[in-house]
Amino acid sequence: MRMLSKTYFALEILTFMISKCLTRNQCGNQQRSKTMKSVICTFLLAAALLEVKAETNAVAFSAGLSKNLVLAHTEIVVYDRIFTNVGTGYDSNTGKFRCPTSGVYVFQFHSVANQDKTIWTELWHNGYYICSMYGHTSSDYASGGNSVVLRLTKGDEVYVKAVDPTNGAATNMYGASDEVYSTFSGYMVAPVYEEFPSVVG
């Protein structure tokens, strides 16, 4: 959007400079002057429409866990409380974020384990592992978190999944209606208008 603003500003300067030149020669060729001004106005309108498109393509979501959750298998964490869901990319029924607009995104996931329990989750993109989060403290609560920047194509899916407990311990996440400690959030930093194949790894 910042790049579009600079483009729009540059077009405004161009309009001013050409208008000054045309004004000096207006008596010689009034028809050319009208044509050039019409073309410039068309470019300005196109730039303005791109600005509006960038605004309407905003994507951001944030969801939390409002209950205790024990994951005894490699299950997707379903964050049930939605704080914001601009672009409607996050689905609270599946726990997955489905990318509505191609672009560069930031994702963050944080959690707190129940007392003397463990949290061990991973962020996945289209079935591919991205990064992990782990926490355990004997006789106390433990916390963990991680964040990453990903380039996504429209339709890509990103979600948080528990690690197989055979590799350690079952994930035991703490939560309550008035104590939301586990969250999953993401937002688009910049749109990418051309389509491209996803690159993972």
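Owing to the predicted nature of the structure, the values given are computational and were not obtained by experimental measurement.
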A.B. asks: Do V59 and L150 land in one hydrophobic cluster if side-chain heavy atoms of ILVMFWY residues count as linked below 4.5 Å?
C.D. replies: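 Linked within one cluster.
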A.B. asks: Report all side-chain donor-acceptor pairs from residues 133-149 shorter than 3.5 Å, counting only partners two or more places apart or in another chain.
C.D. replies:
from, atom 1, to, atom 2, distance (Å)
H136, ND1, K117, O, 3.0
H136, ND1, T118, OG1, 2.9
N146, ND2, S132, O, 2.7

A.B. asks: Please answer whether the main-chain N or O of V160 pairs with a side-chain N or O of T121 as donor and acceptor at a distance below 3.5 Å.
C.D. replies: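 Between the backbone of V160 and the side chain of T121 there is no qualifying donor-acceptor contact (under 3.5 Å).
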A.B. asks: Do you know which of L152, T101, V106, V86 makes side chain to side chain contact (heavy atoms under 4.5 Å, CB included) with M188?
C.D. replies: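 So the option named by the test is T101.
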A.B. asks: Within the structure provided, determine whether E179 and S66 are in side-chain contact (heavy-atom separation under 4.5 Å).
C.D. replies: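 Contact flag for E179/S66 side chains = no.
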A.B. asks: Could K96 and E157 be called an ion pair, given the rule that one side-chain N must be under 4.0 Å from one carboxylate O?
C.D. replies: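 A salt bridge links K96 with E157.
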A.B. asks: Got a second to check how far Y79's OH is from S185's OG, nearest 0.5 Å?
C.D. replies: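 Here the interatomic distance stands at 9.0 Å.
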A.B. asks: What's the verdict on side-chain contact (heavy atoms from CB on, under 4.5 Å) for V77 and M173, showing C-alpha distance, side-chain angles and the deciding distance?
C.D. replies: CA-CA 10 Å; V77 181; M173 304 171 76; 4.0 Å; yes
A.B. asks: Answer with yes or no whether the side chains of S92 and D80 bring together a donor and an acceptor at under 3.5 Å.
C.D. replies: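 The criterion, which ignores hydrogens and geometry beyond distance, is not satisfied for S92 and D80.
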A.B. asks: Can you name the one residue among F107, W124, Y187, Y90 that meets ring-ring contact (aromatic ring centres under 6.0 Å, His included) with F97?
C.D. replies: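 Among F107, W124, Y187, Y90, the one that satisfies the ring-ring contact (aromatic ring centres under 6.0 Å, His included) with F97 is F107.
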A.B. asks: Looking only at non-hydrogen atoms, find the nearest pair between S111 and S182 and report the distance.
C.D. replies: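 Here S111 and S182 meet closest at OG-OG, 2.7 Å.
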A.B. asks: Looking only at the aromatic ring of each residue, does the gap between the centers of F109 and F184 stay below 6.0 angstrom?
C.D. replies: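 Between F184 and F109, the centre distance exceeds or equals 6.0 Å.
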A.B. asks: Should N93 and V78 count as side-chain neighbours, where that means a heavy-atom distance under 4.5 Å?
C.D. replies: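 No, their side chains stay 4.5 Å or more apart.
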A.B. asks: Under 3.5 Å, is there a donor on one side chain and an acceptor on the other for D156 and H125?
C.D. replies: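 Their side chains do contain a donor-acceptor pair, which is all the 3.5 Å distance test asks for.
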A.B. asks: How about L71 and L69: do any of their side-chain heavy atoms sit closer than 4.5 Å?
C.D. replies: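 Side-chain contact under 4.5 Å: yes.
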A.B. asks: Could you grab the distance from atom CG of L123 to atom CD of Q108, nearest 0.5 Å is fine?
C.D. replies: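 The distance works out to 11.0 Å.
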A.B. asks: Taking atom CD of Q115 and atom CG of N172, what is their separation to the nearest 0.5 Å?
C.D. replies: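 Q115 atom CD to N172 atom CG measures 11.5 Å (nearest 0.5 Å).
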